[in-house]
Amino acid sequence: MSQAFEFPQGFLWGSATSAYQIEGSPLVDGAGPSIWHRFVRTPGMVHDGDTGDVACDHYRRYKDDVRLMRELGLKAYRFSVAWARILPEGKGRVNPGGLDFYDRLVDTLLENGIEPLLTLYHWDLPAALDDRGGWLNPDIAHWFAEYASVMYRRFDGRVKKWATLNEPWVVTDGGYLHGALAPGHRNRFEAPIATHHLLRAHGAAVQAYRAEGKHAIGLVVNLEPKYAASDSAEDRAAVRRADAYMNRQYLDPVFFGRYPDELEEIFGEAWPQWPAEDFELIRQPIDYVGFNYYTRSVTRHDEQAWPLKAAPVKQHATYTETGWEVFPQGLTDTLVWLRDRYGNPPVYITENGSAFYDPPVADGDTLDDPLRVDYLRKHLRAIHAAICMGCDVRGYMAWSLLDNLEWSLGFSKRFGIVHVDFQTQKRTPKRSARLYSRIVGSNGRAL
Ligand SMILES: N=[N+]=NCCCCNC(=O)[C@@H]1[C@H]2[C@H](O)[C@@H](O)[C@H](O)[C@@H](CO)[C@@H]12
């Protein structure tokens, strides 16, 4: 093993999942339905009519899955809580059965020496709140803070790293602008409203944490660096719009208390003016940035591309099964961008991974996934390079521990370092899991 890729002492190595994608049992023990429980039943919205009714059956198999993490030597586990398990109507009545499940999960993690990283919202809004307008209703900031406070009071201390939202950009772009994700709206006037209410809810939850919590809380964003397809003024302007829309739209309000100027250019009459006090709420200081990295985009001007007038340009490169270019340099570049734009905040890579076709499980105990092994190795080396450039990266959560429900793509795309046979629920570590285990055990020296 070489010292070349040794990570800082205490670097936090783990894996990540989300509630709706792995748990199954969506309505047991008093839980209420989420918008995804409804959305998967909308004909044509999810590949093959797949649902999260069973998924990885993690709600029942969580002890085995924690044991698997321990056998791999993982030090941390990022998971999300299904809001509707805790508050079946989204607000008001607390459901003891929901709290009890996450008690069991958190205690099992701690008993196995694995640190829990808890995400309060990973896209599965209680359906009862969607019936009241969901992210379009300004009251959702209070509803979210109420839910967050229930969780802080029960878990803070056992949970020391909290995240408010997972990827608000995807919630808005997928759920309110393009309609590919729950709740499936397609409305350019709704998107900026949902964005603003997500940010207000984030701020309200951080404010509540400062009153009740004693540890760390952050925001998880997906960041995708944009590179101009040419040096033309048009393409460079397209990059600025795409970068503002995907990368600065959420972090600028949190760090600077204002939206990027390009957003009004993009949305025009659909871009509201918001009161100054909203930004005081949104810009509550956070303790870290959770950064989900998958790919980059080479971007050109495209007059027809609504609403950004920007479109990606295919590269002569390896692409994953989700159509994302494999570009590890983009991870280094974005970490340096975070360092320089936002004052080198502590960063956890809260998701990074790849979906590739996995050959059928051979006999024995390991499934070969050479493309995912290559992706993992190159992206960890990219993080190491950023750390050597002074970026304050504190941990890495591999997406994902298990093959799981890839939202509208159903079970057709496999991101897991552990294979799941969805007929038998058998877990089989892939070669990427074996490599990751060695990397974790050597703090990077096995890279
Ligand atoms: N074009 N393009 N660019 C890439 C944009 C990525 C946006 N999607 C994500 O980041 C989701 C995140 C989610 O948390 C998880 O729940 C999903 O399973 C993974 C995998 O899809 C990723």
Side-chain angles (χ1 to χ4, degrees), residues 15-23 34-36 39-40 46-47 50 52 55-56 58 78-82 117-125 163-175 177-178 180-182 198 218-227 242-243 245-247 249-250 289-299 302 305 308 310-315 317 319-328 330-331 334 348-356 372 375-376 379 397-417 420:
S15 66
T17 66
S18 86
Y20 190 74
Q21 293 181 270
I22 68 164
E23 287 179 357
S34 74
I35 55 175
W36 271 93
F39 193 68
V40 298
V46 178
H47 171 84
D50 291 339
C56 305
H58 178 74
R78 175 179 177 244
F79 65 97
S80 77
V81 169
L117 281 70
L118 191 156
T119 303
L120 288 164
Y121 185 71
H122 199 126
W123 306 359
D124 48 356
L125 186 72
T164 56
L165 305 173
N166 179 73
E167 301 195 346
W169 178 85
V170 177
V171 177
T172 297
D173 185 79
L177 190 65
H178 294 291
L181 303 177
L198 280 155
L219 172 67
V220 175
V221 289
N222 57 290
L223 299 174
E224 180 183 295
K226 313 293 179 179
Y227 301 80
D243 178 60
Y245 178 59
M246 195 176 209
N247 300 324
Q249 183 175 193
Y250 299 92
V289 171
F291 168 19
N292 294 352
Y293 179 80
Y294 287 93
T295 189
R296 71 153 174 185
S297 172
V298 177
T299 301
D302 179 344
L308 286 179
V313 177
K314 189 102 178 186
Q315 301 301 296
Y319 279 72
T320 69
E321 288 288 295
T322 47
W324 299 341
E325 182 189 357
V326 177
F327 193 73
L331 179 46
T334 309
Y348 288 87
I349 305 298
T350 33
E351 289 180 31
N352 174 243
S354 54
F356 287 110
R372 188 174 294 101
Y375 183 100
L376 173 66
H379 284 78
M397 305 297 138
W399 184 270
S400 179
L401 174 71
L402 303 170
D403 292 334
N404 60 51
L405 184 78
E406 180 48 37
W407 305 110
S408 302
L409 300 175
F411 299 109
S412 68
K413 306 301 177 201
R414 292 177 175 267
F415 277 89
I417 58 174
V420 176

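Order of appearance sets the numbers: ligands from 1, and atoms from 1 within every ligand.
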Problem set entry | Interatomic distance, Arg372 atom CZ to Glu321 atom CD [nearest 0.5 angstrom] |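 If I round to the nearest 0.5 Å, the distance is 9.5 Å.
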
For this session: Supply the atom-to-atom distance Ser15 OG to Trp399 CH2, rounded to the nearest 0.5 angstrom.
Result: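 Spacing of OG (Ser15) from CH2 (Trp399) equals 9.5 Å.
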
For this session: List in chain and number order the residues that pass side-chain contact (heavy atoms from CB on, under 4.5 Å) with Thr322, two or more places apart in sequence or in another chain; answer none if no residue qualifies.
Result: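 Thr322 satisfies side-chain contact (heavy atoms from CB on, under 4.5 Å) with Thr320, Trp324, Ala355, Leu409, Lys413, Phe415 once adjacent residues are dropped.
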
Exercise. Can you list the residues that meet the side-chain contact (heavy atoms from CB on, under 4.5 Å) rule with Ala180, with sequence neighbours excluded?
Worked result: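 If we apply the side-chain contact (heavy atoms from CB on, under 4.5 Å) test to Ala180, skipping adjacent residues, there are no hits.
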
Problem set entry | pair Phe411-Leu405: side-chain heavy atoms closer than 4.5 Å |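 A side-chain contact under 4.5 Å exists here.
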
Problem set entry | pair Trp36-Trp123: side-chain heavy atoms closer than 4.5 Å |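 Counting from C-beta outward, Trp36 and Trp123 do come under 4.5 Å.
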
N or O pair under 3.5 Å between [X] and ligand 1:
| X | answer |
| --- | --- |
| Glu167 | yes |
| Glu351 | yes |
| Gln21 | yes |
| Glu224 | yes |
| Trp169 | no |

For this session: Identify which one of Asn352, Asn166, Asn222 satisfies the side-chain hydrogen bond (donor to acceptor under 3.5 Å, both in side chains) criterion when paired with Asn292.
Result: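 That would be Asn166.
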
Atoms in ligand 1 with a heavy atom of [X] nearer than 4.0 Å:
| X | result |
| --- | --- |
| Glu406 | 17 (C), 18 (O), 20 (C), 21 (O) |
| His122 | 13 (C), 14 (O), 15 (C), 16 (O) |
| Trp123 | 13 (C) |

Top protein contact for [atom], by heavy-atom distance:
| atom | value |
| --- | --- |
| atom 19 (C) of ligand 1 | Tyr294 OH, 3.6 Å |
| atom 7 (C) of ligand 1 | Val170 CG2, 3.7 Å |
| atom 1 (N) of ligand 1 | Trp324 NE1, 3.5 Å |

Exercise. At under 4.0 Å between heavy atoms, which part of Asn404 makes contact with ligand 1: side chain, backbone, both or neither?
Worked result: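 Neither; no heavy atom under 4.0 Å.
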
For this session: For ligand 1, indicate whether the residue Asn166 contacts it via side chain, backbone, both or neither (heavy-atom separation under 4.0 Å).
Result: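 Within the 4.0 Å criterion, Asn166 contacts ligand 1 through side-chain atoms alone.
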
Exercise. Per the side chain to side chain contact (heavy atoms under 4.5 Å, CB included) rule, which among Leu117, Thr164, Thr350, Val289 passes with Val220?
Worked result: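 The option that passes is Thr350.
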
Exercise. Which class fits the ring pair Tyr245 and Trp169: parallel under 30°, tilted 30 to 60°, perpendicular over 60°?
Worked result: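 The arrangement is perpendicular - the two ring planes meet at more than 60°.
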
